[in-house]
Amino acid sequence: MTERYRPQEIENKWHKKWEEDALYTVDLDDSTDHFYFLTMLPYTSGDLHVGHWYAMAPSDAAARYKRMRGKRVFFPIGFDAFGLPAENAAIKRGIHPRKWTYENVDRMRGQLRSMGAMWDWSHEAISADPEFYRWNQWFFIKMFEKGLAYRKKAPANWCPQDQTVLANEQVLPNGTCERCGATVVQRDLEQWFFRIRNYADELLDFSHMEWPEQIVTMQRNWIGRSEGLEVEFGLEIPGLEEKAIRVFTTRPDTIFGVTSMVLAPEHPLVPLITTPDRKAEVEAYIAQARRQTEIERLSTEREKTGVFTGAYCKNLLSGEQVPIWIADYALLWYGTGAVMGVPAHDQRDFEFAQKFGLPCPVVIAPPDWDGSALEEAYTEPGTMVNSGQFDGITNEDGKKAIADYVEQQGWGKRTVTYRIRDWLISRQRYWGTPIPMVHCPVHGEVAVPEDELPVLLPEDAEFKPTGESPLARHEGFLNTTCPKCGGPARRETDTMDTFMDSNWYFMRYLSPDYSDGPFRPDLAEAWSPVDQYTGGAEHAVMHLLYVRFFWKVMRDMGMVEGPEPFKRLFNQGQILGPDGQRMSKSRGNVVAPDEQVQKYGADTFRCYLMFIGPWDEGGPFRLDGISGIERWLNRVWTAALEPPKFGQVDEAATRGLRRLTHKTARRVTEDMDEYRWNTAIAALMEMTNGLYAVREKGVVDRSAWSDAISALVRMTAPLAPHISEELWERIGGPYSIHQQAWPTWDADLVREEEVTLVVQVNGKVRDRIQVPAGIDEETAKATAMASPHVKRYVEGQPVRRVVYIPGKLVNIVVG
RNA sequence: GCCGGGGUGGUGGAAUGGUAGACACGGCGGACUUAAAAUCCGCUGCCGAAAGGCGUGUGGGUUCGAAUCCCACCCCCGGCACCA
């Protein structure tokens with residue numbers, strides 16, 4: 001008897017050995033057959049949870065598979081270490097964020113190692129290291145110099161109780177502070193932005209990437225391009241310089257139906273046009289709008305609100321006077337901050353008009369319209385009516401005709417508007433990259449000179465919430481001199497959004513110790529773009545859009561080549577608790593991977609995660625199936641180490657074994673190419689079951705058996721790297737299995753000798769007959785007709801048709 | 001409301017126009033064992049004694065043949081949501 005499979009022993013043994021041998025260290029200077037496999041870097045939240053395993057273990061399997069297929073695979077890892085969770089945890093525990101973060105890094109490194117993944121730790125990068133964030137600052141300065149970073153006033157969530165700025169996630173859905181329950185208000189602060197809108201059109205081009213359709217659609221909607229017309233409405237207010245209100249519309253065809261002009265409450269014209277008798281009401285409305293968070297303001301559940309300013313503008317096409325209102329559904333930052341209200345053809349305007357008693361003239365007639373009033377807005381195609389010279393044409397033609405006319409008259413022009421806003425990058429927080437700018441009373445915004453980078457994050461700042469950016473209270477940090485004039489100046493005290501780190505971390509991995517730039521240009525050229533990126537779909541419109549934007553910025557700086565950073569993207573599904581709910585400590589449904597690894601071993605745990613279902617679906621994690629994987633790996637162990645008692649060789653059985661081996665190689669290869677781990681494992685289980693059946697009889701050829709075991713163990717290697725390495729050594733394979741070639745298959749050997757011919761009568765299965773694989777049509781049909789089970793259903797009825805699918809099926813149509 | 005994904009045995013799932021339920025869990029039976037665990041072998045969609053019938057969310061359609069394609073509807077999950 002061979003000794004039993006003891007996962008914990010062999011796993012520790014091989015971790016040590018692999019590390020000593022630097023088995024997974026890649027020399028990037030050789031980029032032959034390179035393949036960059038990247039997994040989203042983990043946040044330093046503390047312990048590795050099942051979600052990390054679910055994201056990373058299959059990624060590792062995929063990277064290992066690529067390696068065995070002959071690629072030089074770079075598979076790096078690092079830590080996303082800045083950000084609010086660390087700061088909050090530090091505040092709660094009264095320890096420094098750096099201490100909390102780096103202790104977590106140490107713990108997580110150990111947990112990550114237990115997975116047995118082939119990460120190249122020699123290329124690790126941590127975003128909170130000064131040598132990393134130095135280059136965030138460098139990039140910021142470059143972007144400032146190119147006009148891609150700019151400063152302007154923008155509202156931030158402000159908690160008047162805690163006297164602090166809150167991130168959106170810290171504001172509860174009812175608009176209160178998650179910490180103290182006070183009502184959060186909007187407060188304007190000078191903040192930094194990146195001009196992502198400059199790249200909006202380019203970001204809509206997805207032709208150079210193989211990404212899930214879902215993510216592409218989400219990004220497309222997020223960018224939200226709409227084509228329309230910007231058109232002026234006349235303003236004649238005594239003493240007012242402004243002679244027009246500009247609106248953006250995608251429906252120029254409805255312009256004759258305008259019965260109101262609605263401005264955003266913050267629109268700069270509002271205080272200038274409001275009549276004295278409306279002033280009090282208008283100001284009260286603006287004040288209440290400002291008190292609401294954007295989430296509340298944009299809720300579609302709410303009834304429409306608004307107030308009349310007392311002023312009117314002129315519809316230049318119809319000549320009509322139009323009352324000017326303000327309402328919070330008009331958004332200052334979208335379009336021109338003004339909406340033309342067409343109640344008959346826009347549901348939102350319809351509700352607004354209903355509430356305030358505004359008229360609702362129809363200008364696009366529905367096909368069967370009898371002239372009666374509408375019950376709701378009509379937004380379908382129709383014929384133009386009540387639209388002066390444009391009457392009688394379809395509204396689609398009307399769109400063009402009116403846009404042409406407006407452009408001819410010089411009242412406006414066709415434009416494109418985007419939903420996406422510039423990227424607000426300022427955070428009024430401590431634990432992040434300091435923005436490397438200086439505010440000089442004489443020279444204004446001045447960038448810190450490159451040779452003074454990094455602007456270090458002071459370790460002794462008071463990071464507990466006080467009402468200001470933590471760095472603003474640190475005198476030593478705050479007070480500096482102007483790089484231009486040497487006079488006294490103040491440092492910028494905001495830090496950067498941590499999505500800045502994830503913009504380029506994968507490039508830092510290439511040369512984490514490089515100090516002449518963010519990354520070595522020659523390695524960037526040889527190893528980018530990333531061939532395969534894997535991670536969660538929750539990053540669809542933040543990280544995955546920012547990183548594409550930033551890549552294009554780097555490209556325009558001449559630092560990288562090509563249109564996109566990631567050729568292929570794969571989103572794994574989300575793993576839920578056994579109850580089907582998101583895992584959380586408060587629900588008590590958290591499965592701790594460490595315990596499971598302790599109990600079953602990393603190989604079993606990895607394989608089980610891959611076996612429960614398709615990788616992109618995720619789903620509830622129940623432990624009750626894990627014994628199936630445990631048994632399977634035990635059977636692989638036994639099959640590999642306890643061969644049959646070879647005796648009289650049966651040729652057919654030997655051919656059968658070879659067929660099983662080659663067939664499995666084909667199936668597993670195809671499945672692994674598509675990351676279909678569950679079916680790949682099922683195929684390996686079937687092969688293992690087949691080997692067991694053969695082993696009982698012991699009538700196969702020795703070499704067919706050892707070929708089968710060799711292939712089985714190699715195909716198991718990407719999934720369960722430790723047990724396969726151990727078995728490989730024990731069956732006498734050269735170290736390391738992870739450097740061996742992937743099994744190939746021979747199509748001739750895969751071919752079956754016999755097939756099951758399914759016989760149907762009128763589409764219902766009536767018999768299954770074993771026939772030689774090469775059977776011809778005539779023989780197949782005759783065999784089918786001869787079947788007694790078939791005869792019963794055919795007899796006495798005319799055969800109308802016989803359908804034959806070669807080697808598979810005969811369908812006899814009677815009646 | 002809009003966009004995307006999905007609905008298959010007791011359970012996780014397989015099958016993308018041709019044998020529905022691969023593989024696995026669980027269950028049942030057997031072998032081994034003093035016994036249990038582990039291990040090994042067999043059976044296991046539902047109804048039916050059998051013959052056979054029924055069966056992939058619901059209803060209809062296309063086809064010799066539909067889980068798979070088309071139409072309508074219901075439900076679940078994810079994302080976006082007053083975008084002019």
Side-chain angles (χ1 to χ4, degrees), chain A residues 4 212-218 220-222 224-226 228-229 247-251 254 262 264 295 297-304 327-331 333-342 345-349 351-352 417-420 537-538 540-541 571 573-574 576 580 608 611-614 616-632 634-635 638 667 676 678-686 688-689 692-693 695-696 756-768 792 800-815:
Chain A
R4 279 184 54 200
E213 197 49 45
Q214 186 203 162
I215 304 291
V216 169
T217 304
M218 280 167 76
R220 196 175 278 128
N221 293 341
W222 190 261
R225 182 189 151 101
S226 20
L229 182 72
V247 292
F248 173 76
T249 180
T250 55
R251 295 293 306 274
T254 65
V262 179
I295 302 147
R297 211 174 124 170
L298 292 181
S299 166
T300 48
E301 309 296 305
R302 292 170 61 224
E303 207 180 324
K304 297 280 172 292
D328 59 9
Y329 74 79
L331 308 167
W333 52 266
Y334 187 80
T336 62
V339 182
M340 60 180 216
V342 186
H345 305 295
D346 181 287
Q347 188 55 28
R348 202 181 34 170
D349 297 343
E351 286 165 27
F352 188 78
T417 295
Y418 300 92
R419 200 197 83 111
I420 193 173
E538 67 272 20
V541 285
N571 292 123
Q574 199 175 42
L576 304 169
Y608 183 54
F611 185 63
I612 49 177
D616 57 356
E617 280 177 23
F621 182 83
R622 296 192 183 84
L623 274 166
D624 44 17
I626 198 166
S627 49
I629 294 289
E630 199 183 15
R631 277 177 210 147
W632 170 57
N634 266 303
R635 282 158 75 87
T638 308
R667 284 175 68 185
R676 291 190 299 246
N678 56 334
T679 49
I681 291 172
L684 291 170
M685 285 174 166
E686 280 183 61
T688 310
N689 294 343
Y692 257 63
R695 208 165 65 107
E696 292 268 290
T756 306
L757 188 69
V758 174
V759 186
Q760 298 181 333
V761 179
N762 288 346
K764 281 194 185 297
V765 178
R766 296 301 179 190
D767 201 2
R768 300 184 175 109
R792 276 180 60 185
R800 296 196 184 277
R801 194 174 159 187
V802 179
V803 180
Y804 178 61
I805 306 297
K808 276 192 173 160
L809 177 141
V810 176
N811 187 13
I812 301 157
V813 186
V814 297

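For the numbers below, each heavy atom of this structure counts, side chains included, while hydrogens, waters and symmetry mates do not. Numbers restart at 1 for each chain; the letters A, B, ... are given by sequence-line order, proteins then strands.
Among residues two or more places apart in sequence or in another chain, the side-chain hydrogen bond (donor to acceptor under 3.5 Å, both in side chains) test is passed with A:Ser226 by A:Tyr334. Applying the ring-ring contact (aromatic ring centres under 6.0 Å, His included) test to A:Phe352 and every residue at least two apart in sequence or in another chain returns A:Trp325, A:Tyr329, A:Phe356. For A:Gln574, the side-chain contact (heavy atoms from CB on, under 4.5 Å) criterion is met by A:Leu576, A:Arg582, not counting sequence neighbours.
Atom CZ in A:Arg419 sits roughly 18 Å away from atom P in B:C2 (whole-Å rounding). A straight line from CG of A:Leu331 to C1' of B:C83 spans 7 Å, rounded to a whole angstrom. If you take CZ of A:Phe611 and C1' of B:U11, they are 13 Å apart, rounded to a whole angstrom. When the C1' atom of B:G42 is taken as reference, atom CD of A:Glu696 falls 12 Å away, rounded to whole Å. Taking atom CD of residue A:Gln760 and atom C1' of nucleotide B:G65, one finds them 6 Å apart after rounding to whole Å. Between the NZ atom of A:Lys808 and the C1' atom of B:G65 there is a distance of 13 Å, given to the nearest Å. Remark: P of B:A84 and CZ of A:Phe248 are 7 Å apart, rounded to the nearest angstrom. When the C1' atom of B:C23 is taken as reference, atom OH of A:Tyr692 falls 17 Å away, rounded to whole Å.
Under a 3.5 Å cut-off, the side chain of A:Asn762 and the backbone N or O of A:Val814 do form a donor-acceptor pair.
Two residues, A:Gln574 and A:Ala682, neighbour RNA chain B, and the one matched to the more 5' nucleotide by heavy-atom proximity is A:Ala682. If A:Arg768 and A:Val813 are placed on RNA chain B by their nearest nucleotide, the residue sitting closer to the 5' end is A:Arg768.
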Protein N or O to nucleotides 14-16 of chain B N or O, pairs below 3.5 Å:
from, atom 1, to, atom 2, distance (Å)
B:A14, OP1, A:Asn678, ND2, 2.8

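Heavy atoms of A:Val803 sit under 4.0 angstrom from at least one base atom. As judged by a 4.0 angstrom heavy-atom cut-off over every strand, A:Ile805 is placed among the base-contacting residues. Here A:Asn689 lies in heavy-atom contact (under 4.0 Å) with sugar-phosphate atoms only.
A gap of 12 Å separates the P atoms of B:A14 and B:U8, to the nearest Å. Taking atom C1' on both B:U68 and B:U56, the two are 10 Å apart, rounded to the nearest angstrom. Using atom C1' as the reference point in both B:G17 and B:A49, the two lie 37 Å apart (nearest Å). B:G18 and B:G26: their P atoms are spaced 32 Å apart (whole Å). Straight-line distance between the P atoms of B:G5 and B:C69: roughly 12 Å, to the nearest whole Å. B:A67 and B:G61 have their P atoms separated by 15 Å, with the value rounded to a whole Å. Spacing between B:G45 and B:G10 at atom C1', rounded to whole Å, works out to 10 Å. Taking atom P in both B:A36 and B:C28, one finds a spacing of 14 Å when rounded to whole Å.
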Secondary structure string for RNA chain B (Watson-Crick or G-U under 3.5 angstrom, | for other-strand pairs): (((((((..(((.....[....)))((((((.......))))))(((....)))..(((((..]....))))))))))))....
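Syn is the conformation of B:G9, whose glycosidic angle sits no further than 90° from 0.
From A:Met685, atom CE reaches atom CZ of A:Arg635 across 9.5 Å, with rounding to the nearest 0.5 Å. In this structure, CG in A:Asn221 is found 8.0 Å from CZ in A:Arg419, a value given to the nearest 0.5 Å. In this structure, the separation between CD1 on A:Ile812 and CZ on A:Arg801 is 13.0 Å, given to the nearest 0.5 Å. How far OG1 of A:Thr336 is from CG of A:Leu331: 11.0 Å, rounded to the nearest 0.5 Å. Between the CG atom in A:Leu229 and the OG1 atom in A:Thr417 there is a gap of 10.5 Å [rounded to 0.5 Å].
Checking B:A22, B:G18, B:U11 against the side-chain heavy atoms of A:Arg622 singles out B:U11 as nearest. Between B:G18, B:C82, B:C54, one nucleotide has an atom nearer to the side chain of A:Lys304 than all others, and that is B:C82. The nucleotide whose nearest atom lies closest to any side-chain atom of A:Ser627 is, among B:G26, B:C64, B:C23, B:G26. In this structure, the nucleotide among B:C80, B:U19, B:C83 sitting nearest to the side chain of A:Val765 is B:U19.
Side-chain atoms of A:Arg251 and base atoms of B:A84 include no donor and acceptor less than 3.5 Å apart.
Put simply, A:Arg766 has a side-chain N or O that comes within less than 4.0 Å of OP1 or OP2 on B:G53. Checking the phosphate oxygens (OP1, OP2) of B:C23, no side-chain nitrogen or oxygen of A:Arg667 falls inside 4.0 Å. Taking 4.0 angstrom as the limit, A:Arg792 places a side-chain polar atom (N or O) nearer than this to OP1 or OP2 of B:G52. Close to B:C83, at under 4.0 Å from its OP1 or OP2, lies no side-chain N or O of A:Tyr418. Between B:C25 and A:Arg631, a contact under 4.0 Å exists linking OP1 or OP2 to a side-chain N or O. Contact check, A:Arg635 against B:C40: a side-chain N or O comes under 4.0 Å of OP1 or OP2. Within the structure, a side-chain polar atom (N or O) of A:Ser226 is placed less than 4.0 Å from OP1 or OP2 of B:A84.
Considering only heavy atoms from C-beta on, A:Met340 comes within 4.5 Å of A:Thr254 through its side chain.
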Donor-acceptor pairs under 3.5 Å, side chain of residues 623-631 of chain A to any protein atom, not counting sequence neighbours: which ones?
none

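Remark: the A:Arg4 side chain and the A:Asn634 side chain contain no N/O donor-acceptor pair separated by less than 3.5 Å.
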